[in-house]
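Notes for the one structure printed next.
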Amino acid sequence: QVQLVESGGGLVQAGGSLRLSCAASGSIFVINNMGWYRQAPGKQRELVAIITRGGMTNYADSVKGRFTISRDNAKNTVYLQMNSLKPEDTAVYFCYADLQRGLRSSTSWGPGAQVTVSS
């Protein structure tokens with residue numbers, strides 16, 4: 001009953017920036033961790049960044065110093081600011097949210113947003 005929708009993807013030249021947003025809607029109880037995965041064609045899906053409800057973050061080594069994850073709990077939205085983009089950042093980016101109600105937990109995924117970095 002929770003839907004996630006990414007926005008902000010597109011085409012950018014190497015060295016440029018993009019900002020992805022992911023808003024959760026529907027019947028939401030508690031959102032714990034939120035984050036971003038990405039998957040390039042023929043590649044394994046990898047975790048890009050995670051942010052806890054309290055704001056603690058973690059990043060893949062490949063994006064440290066270039067990407068920043070943040071969230072607005074009042075808006076149930078997570079962001080990914082991507083700077084100094086490289087062609088190898090080209091992928092479909094998926095957001096996710098870990099939901100919890102009491103002892104029950106579930107994970108919700110967005111449909112993905114294409115990010116293409118040209119050289």
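For this chain, numbers begin at 1 and follow the sequence in order.
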Taking the side chain as every heavy atom from C-beta outward, state whether [X] and [Y] have any pair of such atoms under 4.5 Å apart.
X	Y	value
Val115	Val92	no
Arg38	Asp89	yes
Tyr59	Ile50	no
Val78	Ile51	yes
Val12	Met82	no
Glu6	Pro111	yes

Cation-pi, Tyr79 ring and Arg19 (6.0 angstrom, 45 degrees):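 Yes; both conditions hold, so Arg19 lies above the ring face of Tyr79.
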
Contact summary for [X] and [Y], nearest pair of heavy atoms:
X	Y	value
Leu18	Gly8	CD2-O, 3.9 Å
Pro87	Ser119	CG-CB, 3.9 Å
Asn73	Arg71	OD1-NE, 2.7 Å
Leu4	Ala97	CD1-N, 3.6 Å

Just verifying a value: how many Å separate [X] [atom1] and [Y] [atom2], rounded to the nearest 0.5 Å?
X	Y	atom1	atom2	result
Ser105	Leu99	OG	CG	9.0 Å
Arg66	Ser84	CZ	OG	7.0 Å
Arg53	Asn32	CZ	CG	7.5 Å
Met34	Ser70	CE	OG	10.5 Å
Ile69	Gln81	CD1	CD	12.0 Å
Asn33	Thr57	CG	OG1	11.5 Å

With no hydrogens and no angle check, do the side chains of [X] and [Y] hold a donor and an acceptor under 3.5 Å apart?
X	Y	answer
Gln100	Asp98	no
Thr90	Glu88	no
Asn83	Ser17	yes

Flag if over 12 foreign heavy atoms under 6.0 Å of CZ, Arg45: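 Buried by this count: over 12 neighbours within 6.0 Å.
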
Same apolar cluster: Tyr96 and Leu80, side chain cutoff 4.5 Å: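 Each belongs to a different hydrophobic cluster.
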
Result of checking Phe94, Tyr93, Trp109 against Tyr37 for ring pair (Phe, Tyr, Trp, His ring centres under 6.0 Å):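 It is Trp109, the one option of Phe94, Tyr93, Trp109 that forms the ring pair (Phe, Tyr, Trp, His ring centres under 6.0 Å) with Tyr37.
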
